[in-house]
Amino acid sequence: MDKDLKNKAHNSISRAERARMIMQDEMLQESLTSIKGEIYAKFQRTKYDETEQRDELWRKTQAINAFESYLERVMTDGLLAQETLKLNQ
């Protein structure tokens, strides 16, 4: 494995560790849980014809999901990089 690929792999592993630490942060998890709960409660209170409000709540939910998915992808990339380094030792 060439030096550039090794550096990229180590960078991915480092980023994965940072992403893991972020996702395991108690305050972040508390915040996300609270925000998701508030969004759900607001959605439940919307009326049938309040499509704008529901659409906005849906967009907020999608943004939270995208944030979490991004960090999960970073962690997965790090695991793959770690396995690649092990195989190429």
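With values rounded to the nearest 0.5 angstrom, Lys3 atom NZ is found 11.0 Å from His10 atom NE2. Note that CZ of Arg45 is 12.0 Å distant from OH of Tyr40, once rounded to the nearest 0.5 Å. Going from atom CD of Glu72 over to atom CG of Asn65 covers 9.5 Å, rounded to the nearest 0.5 Å. To the nearest 0.5 angstrom, Gln89 atom CD is 9.0 Å from Leu87 atom CG. Residue Glu50 holds its CD atom at 11.5 Å from CG of Asp55, rounded to the nearest 0.5 Å. A distance of 8.0 Å separates OG1 in Thr33 from CD in Glu30, rounded to the nearest 0.5 Å.
Nearest heavy-atom pair across Ile22 and Leu71 is CG2-CD1, 3.7 Å. Nearest heavy-atom pair across Asp77 and Ser12 is O-CB, 4.2 Å. Nearest heavy atom pair, residue Met23 against residue Met75, reads CG-CE, 4.0 Å. Taking all atoms of both residues into account, the shortest heavy-atom contact from Ile64 to Lys36 is CG2-CE, 3.6 Å. Summarising the geometry of Arg54 relative to Thr46, their closest heavy-atom pair is NE-OG1, 3.1 Å, with the distance given to 0.1 Å. Across all non-hydrogen atoms, the minimal contact from Val74 to Ala16 is O-CB, 3.5 Å.
Annotation: Glu52, atom CD; neighbour count of heavy atoms from other residues, nucleotides and ligands within 6.0 Å does not exceed 12. Counting heavy atoms of neighbouring residues, nucleotides and ligands inside a 6.0 Å radius, atom CD of Gln44 exceeds 12 of them.
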Practice item. Any chance you could lay out the side chain to side chain contact (heavy atoms under 4.5 Å, CB included) test for Asn88 and Leu5, step after step, and finish with the verdict? Key: CA-CA 11 Å; Asn88 288 294; Leu5 286 177; over 6 Å; no
Check your understanding: So Glu38 and Lys60, salt bridge (Lys or Arg N to Asp or Glu O under 4.0 Å) or not? Walk me through it.
Key -> CA-CA 11 Å; Glu38 289 171 16; Lys60 288 179 181 181; over 6 Å; no
Review point. Passes salt bridge (Lys or Arg N to Asp or Glu O under 4.0 Å), Lys8 versus Asp4? Steps please.
Key: CA-CA 6 Å; Lys8 286 181 181 180; Asp4 189 45; 3.7 Å; yes
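You'll find the side chain of Glu17 reaches within 4.5 Å of the side chain of Arg20, heavy atoms only. Two residues are said to be in side-chain contact when any heavy atoms from C-beta on lie closer than 4.5 Å; Gln82 and Leu79 meet this criterion.
The cluster map of Ile, Leu, Val, Met, Phe, Trp and Tyr, joined by side-chain heavy atoms under 4.5 Å apart, puts Ile35 and Leu28 in the same cluster. When hydrophobic clusters are built by joining Ile, Leu, Val, Met, Phe, Trp and Tyr residues whose side-chain heavy atoms come closer than 4.5 Å, directly or via intermediates, Leu57 is grouped together with Phe67. Cluster membership for Tyr70 and Met21, using ILVMFWY side-chain heavy atoms within less than 4.5 angstrom, is not shared.
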